[in-house]
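Side chains included, hydrogens not; waters and symmetry mates left out as well; all remaining heavy atoms used.
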Amino acid sequence: GTNPPMCTAGGSPAENGADLVQYANLTKRYEIKYWEIGNELYSNTTEADFHPSPNTGASYVSYEPAFYDSMKAKDPTIKIAVPIASGVYSWQSGFDLPVLAGAKYDAVVWHNYAIRAPITDGSTLYQDRAASNIGRTRGALLTLETELMNNGKNADAIWVTEWNGEVSGNRWSKQTMGPVTPLFVVSQLAEYMQAGVQ
């Protein structure tokens with residue numbers, strides 16, 4: 001969304017895409033294989049976007065393919081993903097469909113904070129949070145798989161790069177201590193594996 005280090009305009013496919021791949025994989029030989037073009041660009045509350053019509057799917061697909069092409073030109077072996085909202089932010093429901101249809105990508109990045117009500121009292125148990133969106137994980141993944149296939153992509157082209165049981169993941173409560181978090185982790189990993197998430 002921006003052009004580091006100046007941050008005065010939208011990102012440059014050459015300077016902020018190709019040059020980064022050149023430096024990381026050809027100059028330094030880090031062999032980084034998985035890349036994402038922008039993080040949560042569907043939300044103006046989490047990511048700045050200095051392109052015209054910021055934080056919209058239509059804007060994203062107008063510049064993203066140039067990033068994809070320039071980065072792949074430097075290292076054809078890399079895999080590149082694009083961010084999708086997948087209903088996490090209801091006000092950005094218009095982001096995903098243009099991106100899935102018009103962007104160039106090998107996968108999509110999906111973030112999952114299944115329990116979104118902050119825990120502040122230190123006494124709430126995980127089981128009591130079952131009604132707070134924990135059940136949306138499987139449904140969201142199945143919906144996303146269908147959307148990928150509708151756009152000619154493999155159903156398993158999903159990367160989960162952020163996920164946690166709580167919004168910020170750093171609050172002290174019965175939900176974050178003891179056996180609760182490991183049980184949550186196992187249940188979520190099982191859902192991801194069942195959906196074929198990479």
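Checked by atom type and distance alone, the side chain of S59 never pairs as donor or acceptor with a backbone atom of P54 at under 3.5 Å.
Between I84 and Y42, every side-chain heavy-atom pair lies at or beyond the 4.5 Å cut-off. Under the 4.5 Å side-chain criterion, counting only non-hydrogen atoms from C-beta, W163 is not in contact with T137. In this structure, N3 and T8 have side chains that are in contact, with non-hydrogen atoms separated by less than 4.5 Å. Between F95 and N55 there is no side-chain heavy-atom pair separated by less than 4.5 Å. Using a 4.5 Å heavy-atom cutoff, the side chains of Y192 and N112 are in contact. Contact annotation: the side chain of Y105 never approaches that of I80 to less than 4.5 Å [non-hydrogen atoms, C-beta and beyond].
Across every non-hydrogen atom of A58 and P98, the tightest pair is N-CB, 4.0 Å. Here the shortest heavy-atom pairing between W35 and A24 reads CH2-CB, 3.9 Å. The shortest heavy-atom contact between G102 and P65 is O-CG, 4.0 Å.
A distance of 10.0 Å separates CG of N16 from CE of M71, quoted to the nearest 0.5 Å. Atom CG of residue L189 and atom CD of residue Q194 lie 12.0 Å apart, to the nearest 0.5 angstrom.
No single ILVMFWY cluster, assembled from side-chain heavy atoms under 4.5 Å apart, contains both V186 and M193. There is a path of hydrophobic side-chain contacts, each under 4.5 Å, that joins I37 to Y30. Clustering ILVMFWY residues whenever any of their side-chain heavy atoms sit less than 4.5 angstrom apart, transitively, puts V61 in a cluster other than the one holding F50.
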N/O donor to acceptor pairs below 3.5 angstrom from side-chain atoms of residues 140-151, sequence neighbours left out:
residue, atom, partner, partner atom, Å
T143, OG1, G139, O, 2.9
T146, OG1, L142, O, 3.0
N150, ND2, T146, O, 3.4
N151, ND2, E147, O, 2.8

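For CD of E15, the number of neighbouring non-hydrogen atoms (other residues, nucleotides, ligands) closer than 6.0 Å is 12 at most. Other residues, nucleotides and ligands contribute more than 12 heavy atoms inside 6.0 Å of the NZ atom of K153. Crowding of Y23 atom OH: a count of heavy atoms from other residues, nucleotides or ligands under 6.0 Å not exceeding 12.
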For this session: Any chance you could lay out the side chain to side chain donor-acceptor pair (under 3.5 Å) test for T46 and E40, step after step, and finish with the verdict?
Result: CA-CA 7 Å; T46 57; E40 294 190 0; 3.2 Å; yes
For this session: List the steps and the verdict of side chain to side chain contact (heavy atoms under 4.5 Å, CB included) for E162 and N39.
Result: CA-CA 11 Å; E162 290 184 24; N39 176 65; 3.8 Å; yes
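Other cluster members for W159: Y34, V109, joined by side-chain heavy-atom distances under 4.5 Å among Ile, Leu, Val, Met, Phe, Trp and Tyr.
Among pairs with a residue in residues 60-76, those fulfilling side chain to side chain donor-acceptor pair (under 3.5 Å) read Q22-K74, N25-D75, Y68-D106, D69-K104, K72-D106, D75-T77, at least two apart in sequence or across chains.
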